[in-house]
Structure formats: C-alpha cells, structure tokens
Amino acid sequence: MTRHADTQMENVGGLRYNSTINKRKEKIMSNFSNWKSYPFTVDGVDFVSLINPEGSMYQTIQRVPAQVFTQMNESAIRELIGKVSLLSRSEIQDELDRVNEGYGQAYLALA
C-alpha cells in the first residue's frame with residue numbers, strides 16, 4: 001500500500017515528518033479555505049470532514065445533530081478504509097485520496 005518512492009522524510013527542529021504528506025495536505029487545505037470543517041477522531045487518528053457550504057449537502061448536514069454527523073464520519077472511515085490505527089499516515093492518505101476521488105460537496109482529510 002505504501003508508495004515509498006514518493007515519500008521523503010525531513011528533519012525540522014529535531015522532528016522527522018513526511019514532507020510529501022504535509023505538502024499534499026497544504027495543497028488540499030488551500031483548495032477548501034471556504035469549506036466548513038468538522039473535526040473527528042477514529043482509533044486515535046485525527047480527521048476533518050470538509051463540506052462545501054454552497055452545496056445541497058450542507059443544508060442537510062446543518063439539520064443533523066453534531067454527534068450524529070460525527071458518528072457518520074467515523075463509520076465512513078471505518079467502512080471505507082478499515083482500522084486506521086494499523087496504517088501509517090502515508091497509507092491513510094493514499095486511502096483518503098482514493099475515497100475522495102471525484103469529490104464535489106464533501107471531502108475527508110487528515111487533520
């Protein structure tokens with residue numbers, strides 16, 4: 001699952017992180033600056049559900065209790081990706097890229 005060839009570890013301030021994931025995340029988040037974000041956690045991994053406020057889905061989500069929407073997001077991650085605590089961040093991102101392909105009104109991202 002992991003594409004090691006396209007990952008690059010950088011050492012910044014004594015911390016190592018995957019620059020490819022961070023660059024993808026920065027690009028993704030800049031595309032969604034006006035979208036509404038709904039953070040949630042699954043198996044210790046932080047995610048955010050991004051919803052287009054101009055889409056029809058947004059009005060429906062606004063009527064759903066926050067706890068219910070959070071549970072819907074948690075269930076979606078578990079069903080579509082599996083047990084994320086067993087995957088690396090890179091593997092999770094690869095799966096999110098697959099899940100989000102062709103998005104229009106909603107997008108799941110690592111927080």
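Heavy-atom basis, side chains included; hydrogens, waters and symmetry copies ignored.
- Legend: residues meeting salt bridge (Lys or Arg N to Asp or Glu O under 4.0 Å) with Arg98, ordered by chain and number and at least two apart, are Glu95.
- Between the CD atom in Glu74 and the CD1 atom in Ile77 there is a gap of 9.5 Å [rounded to 0.5 Å].
- Criterion: ILVMFWY side-chain heavy atoms under 4.5 Å apart, direct or through other members. Under it, Leu86 and Val42 are not part of a common hydrophobic cluster.
- Judged as a ring pair (Phe, Tyr, Trp, His ring centres under 6.0 Å), the pairs with a partner in residues 65-89 (not counting sequence neighbours) are, in order, Tyr38-Phe69.
- Cluster membership check: Ile81 shares its hydrophobic cluster with Phe40, using side-chain heavy-atom separations under 4.5 Å among Ile, Leu, Val, Met, Phe, Trp and Tyr.
- Note on residues 34-44: pairs passing salt bridge (charged side-chain N to carboxylate O under 4.0 Å, His left out), not counting sequence neighbours, are Asp43-Arg78, Asp43-Lys83.
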Please output the side-chain donor-acceptor pairs of residues 44-59 that fall under 3.5 Å, not counting sequence neighbours, one pair per line with the distance.
from  : atom 1 : to    : atom 2 : distance (Å)
Asp46 : OD1    : Thr41 : OG1    : 2.7
Ser49 : OG     : Asn73 : OD1    : 3.2
Asn52 : OD1    : Glu54 : N      : 2.8

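- Distance CG/Leu87 to CD/Gln93: 12.0 Å, rounded to 0.5 Å.
- Here Leu110 contributes atom CG and Ser90 contributes atom OG; the two are 10.0 Å apart, rounded to the nearest 0.5 Å.
- The same ILVMFWY cluster, assembled from side-chain heavy atoms under 4.5 Å apart, contains both Leu108 and Val84.
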